[in-house]
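Below: the structure, in structure tokens.
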Amino acid sequence: MNVLVKAPAKINLALRVGAPRPDGFHPLDTVFTALDLADDVLATTADGLTMSIEGRGEDLPVDESNLVMKAARALQRLAVDKGQCNAEELGAHIHITKRIPVAGGMAGGSADAAGTLVALNELWGVGAEQEELLELAADLGSDVPFALFGGVAHGTGRGELLTPVGTPDDTKQSWIVLVNSEGLSTPAVFKAFDELFADAETPANTSALRDAIAIGDNHALAEHMINDLQPVAEHLRPDLAELFAQLNDLDGVYKVMLSGSGPSIVLLVEDDRSDQLATELGEQLPNLDVVQTTGPARGAHVVHEEDHN
Ligand code: C5P
């Protein structure tokens, strides 16, 4: 049997950050939107638990250190706790077709983990409810719950406590992502945030942005988009500051912003200018990978299921 799941990338429309909590994580007030840019997670019945990756990130480890394997183990434990079977009986091969840029602040690894939870829940017939999967997801990483949740959501806590944000039915955002291959590690960016903004306290709130989303106006949305980690990334990588200045002058762009903890950059663009802008940016910035996508999109969900028996 096999199960194919689509798992979306995310963008933080706003990312407000406070001073670290006793557990070291930073309290966030954030608004996520899920993108049509998605990885495929194909789970096939097999002996043991293995995984493979094609597309972007082919050189990533495929051992137990991969978040996909951790997600699979977490679901195995849940199935055993539900008294369904022994862990040894639950085998699968998980194949990831990766389109989401690796280490670019778009939660690609988190999407794969969320997709794995959904695919194996189906493949193994665990019957876990969304709430149970969200709980497992939060233990795997701060961005994993949203990859399950999808749509547009308000995130608090360390980003794992989610509430849906209503959008008009015809809401469409067109995005161009400039993928930066030179990494900025998430912990390093948060650590530098603490040094630069020692008086941060609680995160600023995102209510004005959520109001703008409810109206469905991209101009209003752009006005309230903000990422507290952007000045940090610019401090760590002055070349990014130069790039932001250059991009802000482009015609047809509502907003240019750092994606998550970076180093990728997202541009909210006019839909009918997206193709042309992507071509121009590709020519002007040959060192960056230019990816076009749209949103909002559904959270990780089954798209195909096949029983060979
Ligand atoms: O939760 P996740 O494993 O994705 O977090 C990776 C790292 O990012 C954490 O170890 C921490 O250094 C940082 N982080 C944080 N506050 C958050 C989310 C992540 O400090 N809210």
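As the structure lists them, so they are numbered: ligands from 1, and atoms in each ligand from 1. Only heavy atoms go into these numbers, but all of them, side chains included; no hydrogens, no water, no symmetry mates.
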Output block, N or O contacts of ligand 1, threshold 3.5 Å exclusive:
residue, atom, partner, partner atom, Å
ligand 1, 1 (O), S142, N, 2.9
ligand 1, 1 (O), S142, OG, 2.6
ligand 1, 16 (N), H26, N, 2.9
ligand 1, 20 (O), H26, ND1, 2.7
ligand 1, 21 (N), H26, O, 2.8
ligand 1, 21 (N), R158, O, 3.2

Q.
Measuring from atom CD of Q246 to atom CG of L285, what distance do you get when rounded to the nearest 0.5 angstrom?
A. 5.5 Å
Q: With rounding to the nearest 0.5 Å, note down the distance linking CZ in R298 to NE2 in H301.
A: 4.0 Å
Q | Parallel, tilted or perpendicular: ring planes of F146 versus F32, cut at 30 and 60 degrees | A | parallel
Between [X] and [Y]: side-chain donor-acceptor atoms closer than 3.5 Å:
X    : Y    : result
S274 : Q292 : yes
T293 : D36  : no
H95  : S52  : yes

